[in-house]
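So the structure is just underneath, and the comments pick up after that.
Quick note on labels: first sequence line is chain A, next is B, and so on, each numbered from 1.
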2 protein chains.
Amino acid sequence: MEKQTITIYDVAREANVSMATVSRVVNGNPNVKPTTRKKVLEVIDRLDYRPNAVARGLASKKTTTVGVIVPDVTNLFFASLARGIDDIATMYKYNIILANSDQNESKEIQVLNTLLAKQVDGIIYMGNKITDELRAEFSRSKTPVVLAGTVDPDQQVGSVNIDYIAATETIISKLIENNNKKIAFISTALANPINGQYRLKGYKNALLSAGIPFDESLVFETAATVAAGEELAQEMIEKDVKGAYVSDDELAIGLLNGMINAGVNVPEDFEIFTSNNSKITEMARPQLSSIMLPLYDIGAVAMRLLTKIMNKEEIDEKTITLPYKIAYRGTTTKED
Amino acid sequence: MEKQTITIYDVAREANVSMATVSRVVNGNPNVKPTTRKKVLEVIDRLDYRPNAVARGLASKKTTTVGVIVPDVTNLFFASLARGIDDIATMYKYNIILANSDQNESKEIQVLNTLLAKQVDGIIYMGNKITDELRAEFSRSKTPVVLAGTVDPDQQVGSVNIDYIAATETIISKLIENNNKKIAFISTALANPINGQYRLKGYKNALLSAGIPFDESLVFETAATVAAGEELAQEMIEKDVKGAYVSDDELAIGLLNGMINAGVNVPEDFEIFTSNNSKITEMARPQLSSIMLPLYDIGAVAMRLLTKIMNKEEIDEKTITLPYKIAYRGTTTKED
DNA sequence: ATGAAAGCGCTAACAT
DNA sequence: ATGTTAGCGCTTTCAT
């Protein structure tokens, strides 16, 4: 015998009221006489009634769930953003459907489509580049989208980031000042505008200010893994590079460990600045100096922005730039 | 003018067929003549029709989404499990609603309830202890539940784990053999049966085999953080402890760094074994020796098990024990 | 303050 | 192979 599900209709019958009244009670509508409210609540409790969110979603056209597209939760960078997102989502009574995209374009499109099919009220996207196809899908539905730690050069959708150009310029200048003229720019996906445009721009700006010519051969593109970083160490030594800016923390740890294994003294003979200040930066020995990206906050603010858009509130500015700091730790010499 | 949503009815009208036929085409039902299928698909494409998963969920009583309750995605241990879960979920056309519980009982209960309200087809739970209240909620609905990296001593729900007792016993024996008799057992939440019952049991077993009396004062309970580990270092030195088994990787890195900062040689004068083999174990210097918990696989197998249960397939054994290995790395002396 | 009734967009018998 | 028809459990006018 299947366990019968209790519906709003059952409650209405037992409480001698209409479905509408039960609905009002459940949704906290004030237009209910206290005595009836009490009676209804009593029946709800007695029958152990639980509103069916799917039915509610169909009727109200709101699911109170948002889709979160993330390259890989296993990367602390994204996990931290996701945590910020979920906390704020919970605060505003939303749930998140988390989907890993592996930065894979077709997977992103597919994920986006199932998210839209599931009628999410909004989407938070993290990734590399907003391809044209992706943008087309975004605008095909009117579901609001916010980018977290991801930029859209065209600023068509909301986004939350820091000023990557300024941050990078600052630390590269610091590196030059501490150190010498040969600084590597080590990045994951240069196709990502954050890396290939903004950070690289900051790097070039700093060189320019110091009167150092830009050397293409000091720009490296590789994977966001420890192994990739270790592999790069030898090349640093061969090219007699004295310092490096790295766009990913795992990659930075790999490079750090690779240099140390090769007998190089860090930071005396080689300085490293990394970008995300995820918690692994403090696990490294020496601890990694880093741009202090407010990871959790980027996620949290992105979700907050999304709630406003979903709620059709007035938005002052949909392109949000958060402040950042610099952590001078063990992989750079002078503090400031 | 609101953009009108295209429904199955619109497609039916345009294609001169019934809704049922459109539904059949959309759901890949073979009972459709190829020519009509083609015609319907053409209209679907032309109108840019997207099936509404919420309506489908209400009608079919299946949402193809599963709830995942996790203490904190920001912990690599859980992030790795979550990744395994999501990959298999995607493979079987499910999406996951990810909810952080912070190991907080009331939050767990609340999250579980909203997940059930959203009519998830199944739930994967990760956490500490299955409290009675939680178990009551689990059985209150017939929604299938599988535990990933979490044990239920009563084995009432499905679960995927390794043999924690044997794994711990093995490495403690190794530590004793390498080293000496004073081995600390450092754990997060002893209330978690994995720590307080199984791992501690393995620890005691190993001591017993070696004829070493169990010393309560060598059992430490603390938080799963780097800071907590660093704080513990001094105590290790004062008590003249020569080795430690640690239940969490972040905690282990903290301890490792703390010992090194105190001038202790690792592994020569102090050996460390940690438990989860998350990727940070390879970022540490020296790299952490560890039980090789198949994190991704635990998540993947848990999700696979859940799909079987949701699909009412025959299950051989709902309490699954996966194999594990031991990684002998830099924080222990002899290899084996 | 409460009720009646019409959907929301789809699936799933059941007919034909 | 295709169509008809009830729902699924709820929200939301519109009355009263």
Per-nt protein contacts along nucleotides 11-16 of chain C (heavy atom under 4.0 Å; B base, S backbone sugar-phosphate only, - none) come out as BB----
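Spacing between atom CG of B/Leu58 and atom P of C/dG7 amounts to 17 Å, rounded to whole angstrom units. Atom-to-atom, CD of A/Gln119 to C1' of C/dC8 comes out at 10 Å; the value is rounded to the nearest Å.
The side chain to side chain donor-acceptor pair (under 3.5 Å) pairs that include a residue from residues 146-158 of chain B are B/Arg135-B/Asp152, B/Arg135-B/Asp154, B/Gln155-B/Thr319, where partners are two or more places apart or lie in different chains. Each salt bridge (Lys or Arg N to Asp or Glu O under 4.0 Å) pair with one or both residues in residues 84-98 of chain A, not counting sequence neighbours, appears once here: A/Arg83-A/Asp87.
Note that the first and last nucleotides of DNA chain D, 5' to 3', having any atom under 4.0 angstrom from a heavy atom of chain A are D/dG9 to D/dT12.
Contact annotation for A/Val17: backbone-only contact, meaning every heavy-atom pair under 4.0 Å involves sugar-phosphate atoms and none involves a base. Counting any heavy atom pair closer than 4.0 Å across all strands shown, A/Asn52 reaches sugar-phosphate atoms only and no base atom. Note on A/Asn16: only backbone sugar-phosphate atoms sit closer than 4.0 angstrom, heavy atoms only; bases stay farther off.
Proximity note for A/Thr36 (side chain, C-beta onward) versus C/dC10, C/dC8, C/dT2: the nearest is C/dT2.
In this structure, B/Asn52 contributes its side chain and B/Val54 its backbone to a donor-acceptor pair below 3.5 Å. The main-chain N or O of B/Leu41 is never found under 3.5 Å from a side-chain atom of B/Asp45 such that the two would form a donor-acceptor pair. Without hydrogens or angle criteria, B/Asp121 side chain to B/Thr63 main chain gives a donor-acceptor distance under 3.5 Å.
For C/dG7, neither phosphate oxygen OP1 nor OP2 lies less than 4.0 angstrom from any side-chain nitrogen or oxygen of A/Lys61.
Side-chain contact check for B/Arg24 and B/Asn31: no donor-acceptor pair (N or O, by modelled atom type) lies under 3.5 Å.
For the side chain to side chain contact (heavy atoms under 4.5 Å, CB included) with A/Pro144, the lone residue among A/Leu306, A/Val66, A/Leu305 that qualifies is A/Leu306.
We find that A/Glu42 and A/Lys39 are not joined by a salt bridge, their nearest charged nitrogen and carboxylate oxygen being 4.0 Å or further apart.
Counting all heavy atoms, side chain and backbone alike, B/Lys118 lies closest to B/Ile97 at CD-CD1, 4.3 Å. Of all heavy-atom pairs spanning B/Asn29 and B/Arg37, the tightest one is O-NH2, 3.2 Å.
The bend of the helix from C/dA1-D/dT16 to C/dT16-D/dA1, defined by the angle between the axes of its first five and last five pairs, stands at 30° to the nearest 10°.
Annotation: of the two residues near DNA chain D, B/Ser18 and A/Tyr9, the 5′-most nearest-nucleotide partner is B/Ser18.
Applying the side chain to side chain donor-acceptor pair (under 3.5 Å) test to A/Asp132 and every residue at least two apart in sequence or in another chain returns nothing.
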